[in-house]
Amino acid sequence: MHLDNKVSDGELATKWVNYRSTMNLVAPNNKRRIEVIVVGTGLAGASAAATLGELGYKVKCFSFHDSPRRAHSIAAQGGINAAKNYQNDGDSVYRLFYDTIKGGDYRSREANVHRLAEVSVDIIDQCVAQGVPFAREYGGLLANRSFGGVQVSRTFYAKGQTGQQLLIGAYQALSRQISKGAVTMYNRHEMLDVVKIDGKARGIIARNNKTGEIERFAGHCVVLATGGYGNVFYLSTNAMCSNVTAAWKAVKRGALMANPCYTQIHPTCIPVSGEYQSKLTLMSESLRNDGRVWVPNSVEDAEAIRERRKTALDIPEANRDYYLERRYPAFGNLVPRDVASRAAKIACDEGKGVAPTGLAVYLDFASAIERYGKGEAISRGIPNPSDSKITELGEAVVAQKYGNLFQMYEKITGENPYKMPMKIYPAVHYTMGGLWVDYNLETNVPGLFALGESNFSDHGANRLGASALMQGLADGYFVIPYTIGQFLSNEIRTAPIDPNQEAFDVAEKNVKGLLDKLIYIKGNQSVESFHRRLGKLVWDYCGMSRNAEGLEKGRKLIKELREEFYKDVFVPGDANEFNPELEKAVRVADFLELGEVMMVDALNRNESCGGHFREEYATEEGEAKRNDKDYAYVAAWSWSDDGNHVLHKEDLKFDNVELKTRSYK
Amino acid sequence: MKLKLKVWRQKNNQTKGSFEQHTVEATEHMSFLEMLDVLNEQLISEKKDPIAFEHDCREGICGTCSMVINGQPHGPQKGTTTCQLHMRQFKDGDTIVIEPYRVNAFPIMKDLVVDRSAYDRIIQAGGYISVNTGQAPDGNSIPIEKNTALKAFGAAACIGCGACAAACPNGSAMLFTSAKISHLSHLPQGQVEQTKRVRGMVAQMDKEGFGFCSNIGACEVECPKEISTENIALMNREYLKASLVSE
Amino acid sequence: MSLTGLFLILFLIVHLTGNLQLLSDDGGEAFNIYTDFMSHNPLIQIIAKGNYIFILSHAILGILLALKNKKAKGSKYAVSANNKSSWASGNMALLGTLIFAFLFMHMGHFWFQFKFGSELPLVSYDGVEMIDAYTKVVSVMSQPLWMALYIVGLAVLAFHLWHGFASAFQTLGLRHKKYTPLISVLGKAYAIIIPLGFAILPLYIFFTQS
């Protein structure tokens, strides 16, 4: 299959504007007759549904949550990037584009990334107009902070709750369209299949999770904004219900899964504390602005800490290894996520981990507290402040910046991070891979679009901090409303799609069959236990570092686990009622297939890049070694039940940046 | 630690519910929901129906988790959602009573799960700023004083979990509604539609069957985001103003 | 609720100021003249009628509110929470009902008697004949049962005011970082001082006159 990315010719800087100005439009009188299905109400879905509703399309919007406001975008903490250059520090659209391409380890599509950087500035304006309470300076203007992998300050934020505030903004815009009747909202509806008619996506089958009914919804096209698949690892920073099901059903209907092995491991999460652990909690990357990462110099000290004979405070300055500052002096603690995560893993592998499990490093705020405290003392005119006064003042500054994060840390761990350095460890956070889409955000299935984290398009092999929010909103507010016209302008003569035709009958029957199958297995093991085992498998063999042997083994083990699942899973209750266990079972069944394709993809990619680190392909210093000659392509996979998944390649062309070895030293 | 749980079980909204007793073995590092996970695994292994409860992000921000622990929505720890509540807040041998939110406007769906769509409809009745995508001026064109922005943020921090209405002996949703009104009214861009907004949202709140505020203050105490009843005063003021202005 | 409540709060001050004349050591002369003035001055009469309307509407609104809120709440929790809101704030309807009952007793004792009662004691000062309200008050308050009921009624009122005073300001949206703490303290002081002021009267009469 030839993958046409539909990127138009011309200068990179003017490509999007030119394309936008010449693309096909749908006249307002026709928009009223065209129905668009939007699945998902996170940043991408809610902003898309709201904007399409504003434009006049008839929108049906779906969320498996009880309210659109619960989507997992809400949990994003740190911020959203935009090339506003408000700080006068040399930022520009090109620089944001370049940072994102470089941060993604040269595995993303230039045109998409440049467009993302261009519309980033509009996002901030739009959000401010909606009433998003971004942090501000005393003069009343918008404040910024820095994020990893970047040397400018371009991140807009609202304390540690930026995702929440942006999502509420989009949710409010969506609510407005719902109140006007432009969008019909279906809460507690989980998409379980895409319906294709004459090769085009024309509807979905959804389960009303409240009643268990299987319902049909028809439309002229289908937009998926269903998030990432990080929960394949069971333990991740994703919400418990985040899943791949909608995207995976699309794959089963012929869409391609691109770069599934690109998963982002976030370096600063609260470490695992026990077997019962259900999820991991992220500590925002913004903490690395002020926190210093270290482990003890000696394994003996680390051992003493693990056995609780010593604490962090007993290790003198000279015996600490601030390894990020040592290894990467230019970026220090603000190296990109993949680099920071791997460095933490190396430190722990060397036996220097500081949690009883051996899997944690310190994130220390003592020097930030001292620095801020001294600054405050000077600005308040306190002569010769005592150490305790400096600490008090410094803690207050830190509390203002990160108070809610510190509070959260204390609630979870029972330790006071102002006094004792935080313990952190990398955890699965984001998935750069996703449904393959062209420049229009359309998958290879005509009429089926994918936005936000559910597509693969903008982050290459590694996403920079504060870029996920940017991409979700860019896709929803400023890209899909235009590009969807390229498809729909040819559909203005298409009558409303009738949901009572054969394709819907077949799809509905399939869905019902699958649910019944899961219910009637009546085995002995819980869905959760399978999910846990799957997660461990994927983490062990396709986690922070991978090798061919492990991937082969992992693939085999997943297959066996899948077989066991269909023999021995126990799903209580019935299909035709509110049944959270059944919902979980469907999701885990899909993860069990996705996990295999991740291994296949990781095995195919004989290089290390971004979040994909193959042990066989590393420099002597342990840094990732890319192979641009053979692997500068997008690996898009189609699923095959017999296990012979087919690879389709989209070559990546770089006309505007020079491919270099990423260096943050 | 060993705990005795009295958990509300109810098949659906048509049937009556009752308490069911369980014992569960927990550790102090578990979150409250992880403790319930352990219990559910136990129930599933005995081929029994697990306890239905809602949860999602488990980091205190999505607002999905909703249960009443020993009479308090989200349990005993101040400013904490159920998912962030950890078992170190309890002692070995404690008896814990777990119930669903009891508010008429939040009908029980199953066990501890209630339907909170009434809150969505309140937002739909005016909890937004009417600005279409692409119409916005530059973000820095309207300076907003830092503390004003912080106040707006403080109100906007509401996670829509419903604990305020659940805690209120009057079943009132005024803290939730007022938080949104207050968030938007602190910002210049929100003031344009203020009259319409406050009228619409208050009317919808009544229509949903929520009670009236009599300033008991339980909502503020139980709110996991510590939203202040100052917002209710602001809403009352805005509502009075709106009532005095003729159309 | 808040507006009628605030008016009734003002009324209580006036009522107490007048009643304090029961304490003057003149055999009830000042009190009787005051009572006579209050019951014959046309302006006062209008205000009094207004006062009844306020009381009634406060009660009716209160009942409607309580009914609506009870319905909104649905069922109660098995365990009652131990949170920081005051007991009074959660029991305003109960307290209000008790006060309403108390008002019936109070009106029955005095207003009804003065309006419709027969064989009222009379007294005349400087040739002006008027009802000897003072003697009437003394005759009621010197009976232990009535005296006790008045004290209980006033205690109930104190609780009602404990929450009601500041609550009225909040309902009107009058909340301010600087002034609200003051209002709150003032409200609590008021809730103690006014009922206490009233309570002195039956106690004083009971212990000095019987």
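Heavy atoms only: backbone and side chains are in, while hydrogens, waters and symmetry mates are out. Letters go in sequence order (proteins before strands), and every chain restarts at 1.
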Notebook entry, point to check: How many angstroms lie between atom OG of C:Ser2 and atom CG of B:Leu240, to the nearest 0.5 angstrom?
Noted result: 7.5 Å
Next item on the list: For B:Asp92, look at atom CG and say whether over 12 heavy atoms of other residues, nucleotides or ligands are found less than 6.0 Å away.
Entry: yes
Check: How far apart are the C-alpha atoms of B:Gln72 and C:Ser80, what are their side-chain angles, what is the distance that settles it, and do they pass the side chain to side chain contact (heavy atoms under 4.5 Å, CB included) test?
Finding: CA-CA 8 Å; B:Gln72 289 182 282; C:Ser80 59; over 6 Å; no
Checklist line | C:Thr171 and B:Asn215: side chain donor to acceptor below 3.5 Å | finding: yes
Item checked: Option in C:Met92, C:His163, C:Met1, C:Lys70 with maximal non-hydrogen atom pairs under 4.5 Å from chain B -> C:His163
Checklist line | Heavy-atom proximity to chain C below 4.5 Å, by part of B:Ala173 | finding: neither
Notebook entry, point to check: Where on B:Pro100 is there a heavy atom nearer than 4.5 Å to chain C: the side chain, the backbone, both, or neither?
Noted result: backbone
Notebook entry, point to check: Taking everything shown except B:Tyr239 itself, do over 12 heavy atoms lie less than 6.0 Å from its OH?
Noted result: no
Margin query: Tell me if the NZ atom of B:Lys146 is crowded by more than 12 foreign heavy atoms within 6.0 Å.
Written below: yes
Note to self: Does C:Lys68 have more than 12 heavy atoms from other residues, nucleotides or ligands lying within 6.0 Å of its NZ?
What the structure shows: yes
Checklist line | Spatial distance of atom CD (B:Glu230) from atom NZ (C:Lys177) [nearest 0.5 Å] | finding: 4.5 Å
Item checked: Residue B:Glu208 versus chain C: region with a heavy atom under 4.5 Å -> neither
Notebook entry, point to check: If you count heavy-atom pairs under 4.5 Å with chain C, which of B:Arg102, B:Glu238, B:Arg237, B:Glu99 comes out on top?
Noted result: B:Arg102
Next item on the list: Give a yes or no answer on whether the side chain of C:Lys73 reaches the backbone of B:Asn104 with a donor-acceptor pair at less than 3.5 Å.
Entry: no
Item checked: chain C interface, residue from B:Ala105, B:Ala166, B:Ser172 that has the most non-hydrogen pairs under 4.5 Å -> B:Ala166
Note to self: At a 4.5 Å cut-off on heavy atoms, which part of B:Ser178 comes close to chain C: side chain, backbone, both, or neither?
What the structure shows: neither
Notebook entry, point to check: Going through the distances and angles, do B:Thr229 and C:Gln170 end up as a side chain to side chain contact (heavy atoms under 4.5 Å, CB included)?
Noted result: CA-CA 9 Å; B:Thr229 50; C:Gln170 163 85 2; 3.9 Å; yes
Check: For the side chain of C:Tyr77 and the backbone of B:Val68, is there at least one donor-acceptor N/O pair under 3.5 Å apart?
Finding: no
Notebook entry, point to check: Considering residues, nucleotides and ligands other than C:Tyr179, do more than 12 of their heavy atoms fall under 6.0 Å from its OH?
Noted result: no
Item checked: Partner chain B: residue of C:Ala78, C:Gly164, C:Ala88 with the largest heavy-atom pair count (under 4.5 Å) -> C:Ala78
Checklist line | Within-4.5 Å side-chain heavy-atom neighbours: C:Leu172 and B:Asn236 | finding: no
Next item on the list: Let me know if C:Lys71 has heavy atoms under 4.5 Å from chain B in its side chain, its backbone, both or neither.
Entry: both
Checklist line | Spacing of B:Phe210 atom CZ and C:Asn69 atom CG [to the nearest 0.5 Å] | finding: 12.5 Å
Next item on the list: Can you see which heavy atom on B:Gly211 is nearest to which on C:Ala72, and at what distance?
Entry: N-CB, 3.2 Å
